[in-house]
Every structure is written in C-alpha cells, then in structure tokens.
Amino acid sequence: MSALAGIKTIKDLELANQRVFIRVDFNVPQDKATKAITDDARVRAAVPTIQYAMEQGAKVILASHLGRPKPGKRDATLVPVGECLRDLTGYDVFVPDDCVGDGPKKLISELRAKQVVLLENLRFHEEEEKNDEAFARQLAELCDCYVNDAFGSSHRAHASVHALPRIMREKACGFLMEKEIDKLGKIVTDPDKPYVAILGGAKVSDKIAVVEALLNNVTGLCIGGAMANTFLRAMGKNTGKSLVEEDKLALARTIIEKARDKKVELVLPVDVVVASDTNATEGRVVSVDEIPADTMALDIGPKTLELVAAVCKRARSVFWNGPMGLFENAPFASGTFGVARAIAAAQCFSVVGGGDSASAVKKAGPEVELAFTHISTGGGASLELVEGRKLPGIEILRSA
Ligand code: ADP
Ligand code: MG
C-alpha cells in the first residue's frame, strides 16, 4: 500500500473562488541582530503549491509558526518572510496583526488577483501548541478548505496541523508534503535492496530509536560522525578527547551484536581525522587504534570513506542522516562531502533527512544535490517516519 493511500492531494480539491488555508513551514533561520532571513529554502519549497492554488483561482491564506515566541511576546513576526515570498513570487503579500479574528477576515474577503494573505505567527497563541480545538475553530472560520504543505511541522499534534484538519471537511496535502510522504514512505516500507543507511551527527542518544528501527530493515549500516566515537570506545579503543557518550557504551555494544545477528553489514571507522580541538585549522589522519590521548576525532578518514563509498556503490537504496564529521570547519568536511558525492555517484534511490545533513548535501554543490532522489525538508519529522512512527499531521489527512 502506498504511503499516500487515503490522502487527497491539492489537485483533488476544487479550489476556484475557495478560501484555501495552506499550512506552510516558514520557520526560517534568521540573523539574530538584523532578522534577515539567512536561508529561504523553506519559503522556496512552498512556492509550487502556492502558485498552483493561485492559478486555480483560490483565495490563498498562508499560515506558519516562526521560532519560539515567549508567552505574551510578539517578537517573531512573519513580516520579513512575507517580503521574501513577495520577492520570490511577485504576489502582494498581506500580513495581518494576528492569525485569527476580524483583521485577517477582512483582508481575506478583500483579496484580489495576485494577492495572498500570510497570517501572523501561529505561536503568538499558546493554544497552537496545545492543539486547542476552540483556536482551531477560529482558524476554520477563515477558510473553506485545508492544505498541509508543512512536512517539517507534521510530527507535532499542534492546532494548525491536527485540530484544524480534524474539523475541516475538505483537506489535502500540498506538493511538497506529497513528495515527502511518497519518497520517505518508499524507503520505510518498500526499499529496493541492498538498502544501506548511513548515520552520523553528534549524538547516539538522538538517533537510537532510528538505529533500532533501521536494523530491522537495512542490509548495510555505516556509522560516522561523533556518534561513531561511542562505538569505537565500546569496542575498547582509546578515543582521546573525542565526544563520547559514556552512558551509551552498553547500547552501542548491543547494536553491534544485533547487526551481527541480523547479518547487517556494519561499517565503523577504521581511520579518523584528529586535531587538538574543534577550532583547529588542520587535522591529521590516524588509524582508530592510534588516536592520541590529547586529540579528538572530528571526521572519518579516507580509508573509511572508501569503505562507505563501496557499500553505496552496491546499494539500490540509501538513507543518510547525520554528517560524518564537524563539516562546518573545512579541515573536517572531507568525510561528509565525500559521502555526499559517493551517494550521488551511486545513482540509487537516495534520501537524506536531518537539517545539518541536508545543508551539507547542498553545500556539496548543485550536481551532488540534484543527484539525490529526495532531500527531506523535515529534520525531526523525517526521523520519526524512518523510526516507523505515524505523524499526527499526516494521519489526520487520511480519510477512513
Ligand atoms: P542532522 O541535523 O543532520 O540530524 P545532527 O544535528 O545529529 O545532524 O548532527 C550534526 C552536528 O554533528 C554537526 O554540527 C556536526 O558538526 C556535528 N558532528 C559530526 N561529527 C562530529 C564529530 N566527530 N565531532 C564533533 N561534532 C561532530
Ligand atoms: Mg541538527
């Protein structure tokens, strides 16, 4: 069964002259001082759905959260995001003072061609995160039908992704959401084998549920990043000053045993790039048996990269989450960019999830980025799907 079974897409809705509420993920990163948007990828990602609705003659109402405004404080305004959307689409973007009430109602009733309303930050109301039904009814008063295109927000049962679609008769997913459900759904339920997962990033504890779920599904598992240090330590190696989660050593041993029992090919680093600290301007490649006591492992080494690349070459599906090293610093970026290139070259069904991993793929260059089947826009949401969990914002779109 397809992961999209029972879910309408925006193309199934009658949109002409309808007020269409589109939940988007405009939770963009901003410069702390100037509030300038530092990466507009999330706004761009929603444009196809918005444009489609406009072309169908809908009155478009966009809604998102932004940041974590403190109760009673209105510091995270969506006004700069509205300007960004205007520049990207050429539409007039009106941002009322609030996301519910008479202000937005009036603006929506007066909408003309090439004009959209972007509601003010949903989190100005604490009812949003409480999945409050009365608040959802206030949002429902603004619209005739509901579209969710905010995959990155769909793992939390908040009012705009759960209580609202629960009371709306007409509901569907947007194009971005459709692609996320389709591609991640394929890798979770029906991956072509060999299926290899590559995991990295900072912490084992963040990803433990994902590792356990993946062990039931993959034929190969590669572990890099700071996460690998905990495994190396669990195998009795000296890891110097490297980040190690001492309380997860037993867990790492269990994972190694499980992989053996399930005949999952497990690739752990055989060499690493070490330096005295994270600000070092250069690193040194050493075997994992020779990590000096006064250094820390900050990237996988070239021999390890070769092993990972060889596994990718044989794979028909790859899921990647978590950078292989401290890729933000150039001396420790080779492993991460190398893995990105290896996956791209493998021409397999490839999905990357996780905020830092997705940004690493983009930094690796357009030819690498384009070679990936899917770069998920939802960090936490994509991991929850890979864990095999059901996301409230997706399930509520399904008709019985
Ligand atoms: P994602 O956002 O893709 O899920 P994570 O947030 O789990 O990834 O981890 C990303 C972070 O892990 C990056 O900031 C990266 O610098 C850091 N990291 C990866 N490997 C190491 C390492 N060996 N030592 C220190 N930090 C690391
Ligand atoms: Mg991250």
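These values consider heavy atoms only, across backbone and side chains, with no hydrogens, waters or symmetry-generated copies. As the structure lists them, so they are numbered: ligands from 1, and atoms in each ligand from 1. These numbers come from a predicted model, not from an experiment.
- Residues D98 and H125 bring a donor and an acceptor atom of their side chains to less than 3.5 Å of each other.
- Minimum interatomic distance between F372 and A340 (heavy atoms only, all atoms of both residues): CE1-O, 3.7 Å.
- Under 4.0 Å is where a charged nitrogen must lie from a carboxylate oxygen, and between K203 and E245 no such pair does.
- Here 1 is the count of protein N, O or S atoms positioned under 2.8 Å from the Mg ion (ligand 2), waters not counted.
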May I have a table of the N/O to N/O pairs between ligand 1 and the protein that fall below 3.5 Å, each row giving the two atom names and the distance to 0.1 Å?
residue  : atom   : partner : partner atom : Å
ligand 1 : 2 (O)  : G355    : N            : 3.4
ligand 1 : 2 (O)  : D356    : N            : 2.9
ligand 1 : 2 (O)  : D356    : OD2          : 2.8
ligand 1 : 3 (O)  : D356    : N            : 3.4
ligand 1 : 3 (O)  : S357    : N            : 2.8
ligand 1 : 3 (O)  : S357    : OG           : 2.4
ligand 1 : 4 (O)  : K207    : NZ           : 3.4
ligand 1 : 4 (O)  : N321    : ND2          : 3.3
ligand 1 : 6 (O)  : D356    : OD2          : 3.0
ligand 1 : 7 (O)  : K207    : NZ           : 2.7
ligand 1 : 9 (O)  : A202    : N            : 3.3
ligand 1 : 12 (O) : A202    : N            : 3.4
ligand 1 : 14 (O) : E328    : OE2          : 2.5
ligand 1 : 16 (O) : E328    : OE1          : 2.6
ligand 1 : 16 (O) : E328    : OE2          : 3.3
ligand 1 : 20 (N) : A226    : N            : 3.1
ligand 1 : 23 (N) : A226    : N            : 3.4
ligand 1 : 23 (N) : A297    : O            : 3.1

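- In this structure, a donor-acceptor pair under 3.5 Å is absent between the side chains of K171 and N148.
- For the pair K241 (side chain) and P292 (backbone), a donor-acceptor distance under 3.5 Å is absent.
- Residues S153 and V161 share a closest heavy-atom pair of O-CG2, 3.8 Å.
- At most 12 non-hydrogen atoms from other residues, nucleotides or ligands lie less than 6.0 angstrom from CG of D102.
- Counting only N and O atoms by type, the side chains of E128 and S160 include a donor and acceptor under 3.5 Å apart.
- Minimum heavy-atom separation, T373 to S350: OG1-N, 2.8 Å.
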